[in-house]
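Read the structure below first, then the notes.
Just so you know, these numbers come straight off a predicted model, no measurement behind them.
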Amino acid sequence: MGRNRAAHHPRPNNHRPAPPTRANTPPMNPTDLYARLRETVLAALAQIIPDLPAEIAARVEVTPTRDQAHGDMATNAAMVSAKAARQAPAKIAAALVQHLTGGPDIDTAEAAGPGFVNLRLRPKSFRALLPQILTNGEAYGASTTGAGTKINVEYVSANPTGPMHIGHCRGAVVGDALANLLQKAGYDVTKEYYINDAGAQVTALAWAAYWRYLQAIGSPMTETEFAAEVPGGLQYKGEYLIAVGQTLAAQYQAKLATPDLGIASPEVWLDITKDLTIDAMMAEIREDLRLLGVQQDIFSSERKLVAAGAADAIIEKLHADGLIYEGVLEPPKGKTPDDWEPRPQTLFRSTEFGDDVDRPLRKSDGSNTYFANDIAYHADKVSRGYDVLIDVLGADHGGYVSRIKAAVKAISADSVKLEGVLCQIVHILKGGQPVKMSKRAGSYVTLRDLLEEVGKDAVRFTMLTRKADAQMEFDLDQVLATTRENPVFYVQYAHARCRSVLRAAAEMFPGDLDLAGATVDTLKGDPELTLIRRLAQWPRTVEAAAIAREPHRIAFFLYDLAADFHMLWNRGKDDATLRFLQSDQPSETRARLALVAATAVVIRSGLAVMGVAPVEEMR
RNA sequence: GCACCCUUAGCUCAGAUGGAUAGAGCAACAGCCUUCUAAGCUGUGGGUCGGUGGUUCGAAUCCACCAGGGUGCGCCA
């Protein structure tokens, strides 16, 4: 089942990608207010401690305060530099307060707690973001953190043995959103799909398609008779192969069978059938991906790679490097398989690169293991010049990550980093009851069924409402609910409300409103500034999520943003004078509209990362 | 046996390279609203962050050990 095979087996969290180390700090994002204030703090700090080591300065952060009573932002500058400066944090903090108070952005600064410096900004510094957001549009929040790092995100990579099912879906959405996120954060991203079309599974699939072919040409064989002839038995009984059988029949008539319409020698039909079946399945999968809104740049075929000799070549190279030997592995302790017997194997010295045991590259029949081909595939990716490779995998491949990491390390002389992002199983619930997937019967919940039931946008959003490596329950009823507990609805609704206000505004005030040029000084109240503060956090949210490789953070941010907006809206429910649109206050209305428009921009921007289409109105 | 992952409010989950009094939704409780700015609003209670020890000015976060749960462990992909 390809790399997503995993998705059926429960498996809790495994491996969290370590945040990448930054060789050098990328240029500050000019629209990130927090980054700007950090520069201000650093400049002040440099005055106080002229010889502060760069690595200490790098640890200085300016963060949103949890509690508004502490001001708008806080910095740990005094605490992190205390040791190097050989001064008490309180003393440095006091000096910082002196330097920072009354600056262009900062209204007041005060020392607090163990050495924090709390900053209260001038409201106009926050307000000034609105025209910036409106001018930049959805580019607001984009950053240069990635600094053009070439990064390859490989995801889905399901075996082409049938239509995509729900198990594949999470990896597809997480991988796609992660790629979008990295792109927004300034990485040079390639989205890739690895077609696992070279293994025994595909051969089994071809047999199954061949059975449909025999049926199509009217073979007298029964399924039982046929199955008895199939090595490993007849798998893949799904009806989706019937069309493949018919196509074969139309193209080849009875030429792929014996004269009495029985099973011909595999040499006659296996390759032909395999090719046609894989193509047909990939066409289905591509259509599934399209419906899910996933568009990958590159599809790499394991078969083609092997046929081109890539696997042999890389094994040879590793051999030349002395990283391959013939050896005998120890049986796993405590749980030795019944049929275990010591056997010399071709092994890769993955332990030299951090793996637990050395890993076999050849099966006993002389063919390559999946791992051997996968080394070749990763070598191919390395040769394409990426700095970072990310494999989005089913969680049961957790144990696989360390060996592929080892391989990439060996191939690239440690110049390319491989990261695994593991996606946990998704349990589908309907009416509170689990929806069972019965694959053996050939009928299971396909991705297409799911998309028809709840729609692409709800699927994508919901898949991102949990950390990738945490199990999740996907409640079909809740995903369609129109209440606050459904984040998809709640966020979409906020956007629709923004659009609704803007539509109404266009009627109330005909002509170009030029919101980017609006005077926004009248936005002074708490709920307005709270909302603007949230908008101010969008760039740093993108950055942090990208560095942590955690696209789900975007979903949580949007939920919080929506909550801030709904709160503002709700005030107008009780008190009509607090509504956005006041025909007798064109100037104030325009300021509020700028806020509303900026909110809509950021919501759209976030949804775009998630691959979710914003709605203009709730229907 | 070994490796890795997980354990946060009654439930489902957030929690930023270690930061201040650990947050949200649901549920519970108390009010409000019956609207077209439809598909609720406001507030309250609720916690030994699995346990113990350690590092630190400071730990849900890092380290060690322990308990409970999960996944993987040669020729599956």
Taking any strand in view, what nucleotide pairs with [N] in a Watson-Crick or G-U wobble way, both distances under 3.5 Å?
| N | value |
| --- | --- |
| B/U21 | none |
| B/U34 | none |
| B/U61 | none |
| B/U7 | B/A67 |
| B/A28 | B/U44 |
| B/G74 | none |

[X] side chain: which of [options] is closest?
| X | options | answer |
| --- | --- | --- |
| A/Leu329 | B/G19, B/C75, B/G74 | B/G74 |
| A/Pro114 | B/C57, B/A39, B/A14 | B/C57 |
| A/Ser364 | B/A77, B/C75, B/A16 | B/C75 |
| A/Arg540 | B/A16, B/G19, B/A39 | B/A16 |
| A/Arg403 | B/A77, B/G74, B/A39 | B/A77 |
| A/Met618 | B/A39, B/G19, B/G74 | B/A39 |

Looking at [Y] and [X], is any side-chain nitrogen of the basic one under 4.0 Å from a carboxylate oxygen of the acidic one?
| X | Y | answer |
| --- | --- | --- |
| A/Glu61 | A/Arg38 | no |
| A/Glu302 | A/Lys304 | no |
| A/Arg303 | A/Asp197 | no |

Atom pair distance, as rounded to whole Å: [atom1] in [X] and [atom2] in [N]:
| X | N | atom1 | atom2 | value |
| --- | --- | --- | --- | --- |
| A/Tyr34 | B/U17 | OH | P | 16 Å |
| A/Asp356 | B/G72 | CG | P | 16 Å |
| A/Arg59 | B/G19 | CZ | C1' | 11 Å |
| A/Tyr370 | B/C73 | OH | C1' | 18 Å |
| A/Arg359 | B/G72 | CZ | P | 14 Å |
| A/Arg553 | B/U17 | CZ | P | 7 Å |

By nearest-nucleotide position on RNA chain B, the 5'-leaning member of A/Ala576 and A/Thr483 is A/Ala576
Taking the nucleotide of RNA chain B with the nearest heavy atom to each, does A/His70 or A/Val60 sit closer to the 5' end?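 Closest to the 5' end, via its nearest nucleotide, is A/Val60.
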Look at [X] and [N] and indicate whether a side-chain polar atom (N or O) is within less than 4.0 Å of OP1 or OP2.
| X | N | result |
| --- | --- | --- |
| A/Lys573 | B/C36 | no |
| A/Arg343 | B/G74 | no |
| A/Arg497 | B/A39 | yes |
| A/Lys363 | B/A77 | yes |

[atom1]-based separation of [M] from [N] [nearest Å]:
| N | M | atom1 | result |
| --- | --- | --- | --- |
| B/U48 | B/C2 | C1' | 33 Å |
| B/A64 | B/G69 | P | 22 Å |
| B/A9 | B/A22 | C1' | 11 Å |
| B/G40 | B/G50 | P | 34 Å |
| B/G31 | B/A67 | C1' | 45 Å |
| B/C33 | B/G43 | C1' | 15 Å |
| B/G15 | B/A24 | P | 15 Å |
| B/C41 | B/U8 | C1' | 29 Å |

Protein heavy-atom contacts under 4.0 Å, written 5' to 3' over nucleotides 23-30 of chain B as B (base), S (sugar-phosphate only) or - (none), form the string SSSS----
In terms of heavy-atom contacts, does [atom1] of [X] have more than 12 from other residues, nucleotides or ligands at under 6.0 Å?
| X | atom1 | result |
| --- | --- | --- |
| A/Arg571 | CZ | yes |
| A/Asp575 | CG | yes |
| A/Lys91 | NZ | no |

Which is true for A/Glu61 with a 4.0 Å heavy-atom rule: it touches a base, it touches only sugar-phosphate, or it touches nothing?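 A/Glu61: base contact, heavy atoms under 4.0 Å.
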Output yes when a side-chain donor or acceptor of A/Ser350 lies under 3.5 Å from a complementary backbone atom of A/Val357, and no otherwise.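 Present.
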Report yes if a donor N or O on one partner sits less than 3.5 Å from an acceptor N or O on the other, where the partners are the side chain of A/His552 and the base of B/A14; otherwise report no.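 Check fails, no donor-acceptor contact within cut-off.
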Before giving the answer on salt bridge (charged side-chain N to carboxylate O under 4.0 Å, His left out), spell out for A/Arg359 and A/Asp355 the whole-Å C-alpha distance, their side-chain angles and the decisive distance to 0.1 Å. CA-CA 9 Å; A/Arg359 305 290 179 174; A/Asp355 199 4; 2.8 Å; yes
Exercise: do A/Thr161 and A/Asn159 side chains pair donor with acceptor under 3.5 Å: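 Their side chains do not contain a donor-acceptor pair, so the 3.5 Å distance test is not met.
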A/Phe565 vs A/Phe580, test: ring pair (Phe, Tyr, Trp, His ring centres under 6.0 Å). Steps then yes/no. CA-CA 12 Å; A/Phe565 177 76; A/Phe580 297 108; 5.8 Å; yes
